[in-house]
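Okay, so here's the structure we're looking at.
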Amino acid sequence: EIEITEEDVEDWKKSVDIVEEKLKEVIQLPPITLENCHEREDGDLQWDEITFESEVGGKHWHAVIMSLHRIREGFVKKQRKMKHLDWYMTMKNTSDRRNAKYHI
């Protein structure tokens, strides 16, 4: 649960940044490690219902929806980086380890 004030959503662009920071304080995303990076599909996040205590305008909805979208995009980016790192580490560990010697 977060509190969004009218001042937070005055500017359409800044409101997304403000709400995103507030959401990041309360949302716990699943950890992504090399060991578990293949357990989930990219972007496999589901949000619960979004409700407001009182009737709000489009600026509030815009800020919340776009903030959640940014958080999901950041999560997907992190998942892909971990999967790529896992691929790289696997490739490196299974690559040819012969010592290259120059023969004349």
Side-chain angles (χ1 to χ4, degrees):
E1 185 173 307
I2 63 170
E3 184 175 331
I4 303 171
T5 64
E6 281 298 322
E7 293 81 38
D8 292 341
V9 294
E10 278 180 344
D11 183 309
W12 286 87
K13 290 181 182 178
K14 290 180 184 176
S15 66
V16 177
D17 297 332
I18 294 168
V19 173
E20 182 180 0
E21 288 304 313
K22 289 184 176 191
L23 284 172
K24 283 181 177 179
E25 292 175 8
V26 297
I27 291 179
Q28 288 187 333
L29 297 175
I32 304 171
T33 62
L34 284 176
E35 292 77 30
N36 73 1
C37 67
H38 295 289
E39 293 175 6
R40 301 177 73 100
E41 293 294 320
D42 289 351
D44 184 20
L45 289 178
Q46 300 296 322
W47 308 121
D48 286 336
E49 183 180 0
I50 301 168
T51 58
F52 292 94
E53 285 184 1
S54 60
E55 193 68 31
V56 295
K59 287 184 177 183
H60 286 79
W61 282 104
H62 170 78
V64 171
I65 299 299
M66 292 306 296
S67 298
L68 289 172
H69 178 71
R70 280 188 185 175
I71 291 170
R72 179 188 303 263
E73 291 296 311
F75 183 76
V76 168
K77 195 173 186 179
K78 189 173 180 183
Q79 279 183 307
R80 289 181 180 154
K81 280 184 180 179
M82 278 298 191
K83 286 180 181 180
H84 181 74
L85 179 61
D86 181 57
W87 170 82
Y88 175 77
M89 296 299 287
T90 303
M91 184 70 104
K92 187 174 179 182
N93 290 334
T94 59
S95 67
D96 191 0
R97 295 178 182 216
R98 291 178 288 172
N99 280 337
K101 296 182 181 178
Y102 295 98
H103 298 282
I104 299 179

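The figures here come from the full heavy-atom set of this structure, side chains too, leaving out hydrogens, waters and symmetry mates.
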Check step by step if side-chain contact (heavy atoms from CB on, under 4.5 Å) holds for V16 and H69. CA-CA 10 Å; V16 177; H69 178 71; over 6 Å; no
Tell me whether E73 is salt-bridged to K77, with the criterion being a basic N under 4.0 Å from an acidic carboxylate O. no
Taking D8 first and then K14, would you say they form a salt bridge - that is, a charged N and a carboxylate O separated by under 4.0 Å? no
Closest approach of I32 to C37 (non-hydrogen atoms, all atoms of both residues): CG2-CB, 4.3 Å
CD-CD distance between Q28 and E25, expressed to the nearest 0.5 angstrom: 12.5 Å
With the 4.5 Å side-chain cut-off for hydrophobic clustering, are V76 and W87 part of the same group? no
Which pair of non-hydrogen atoms, one from E41 and one from Q79, has the smallest distance, and what is that distance? O-NE2, 3.2 Å
About how many Å separate CD of E6 and OG of S15, when rounded to the nearest 0.5 Å? 11.0 Å
Mind checking whether L29 and L34 sit in one hydrophobic cluster, side chains of I, L, V, M, F, W, Y counted as touching below 4.5 Å? yes
Determine, step by step, whether E20 and M66 satisfy the side-chain contact (heavy atoms from CB on, under 4.5 Å) criterion, reporting the C-alpha distance in whole Å, the side-chain angles of both residues, the deciding distance to 0.1 Å, and the verdict. CA-CA 8 Å; E20 182 180 0; M66 292 306 296; over 6 Å; no
Search all heavy atoms of V26 against all heavy atoms of E1 and return the closest pair with its distance. CG1-O, 3.9 Å
Will you find, in the side chains of N93 and T90, an N or O donor that is under 3.5 Å from an N or O acceptor? no
Heavy-atom closest contact (V9 atom, K59 atom, distance): O-CD, 3.2 Å
How close do W47 and I27 get, heavy atom to heavy atom, and via which atoms? CZ3-CD1, 4.1 Å
Heavy-atom closest contact (H60 atom, T5 atom, distance): NE2-O, 4.3 Å
Given side-chain contact (heavy atoms from CB on, under 4.5 Å), test V64 with F52 step by step and report yes or no. CA-CA 11 Å; V64 171; F52 292 94; 3.9 Å; yes
Following the transitive rule for hydrophobic clusters with a side-chain heavy-atom cut-off under 4.5 Å over Ile, Leu, Val, Met, Phe, Trp and Tyr, establish whether I50 and I18 coincide in one cluster. no
Stepwise, does the side-chain contact (heavy atoms from CB on, under 4.5 Å) test hold for V56 with I4? CA-CA 10 Å; V56 295; I4 303 171; over 6 Å; no
Got a second to check how far R40's CZ is from K83's NZ, nearest 0.5 Å? 10.0 Å
Inter-residue atom distance D11.CG - K13.NZ, 0.5 Å rounding: 8.0 Å
Out of curiosity, does V19 fall in the hydrophobic cluster containing L68 (side-chain heavy atoms, cut-off under 4.5 Å, transitive links)? yes
Which of these, K78, R80, R72, sits in a salt bridge (charged side-chain N to carboxylate O under 4.0 Å, His left out) with D42? R80
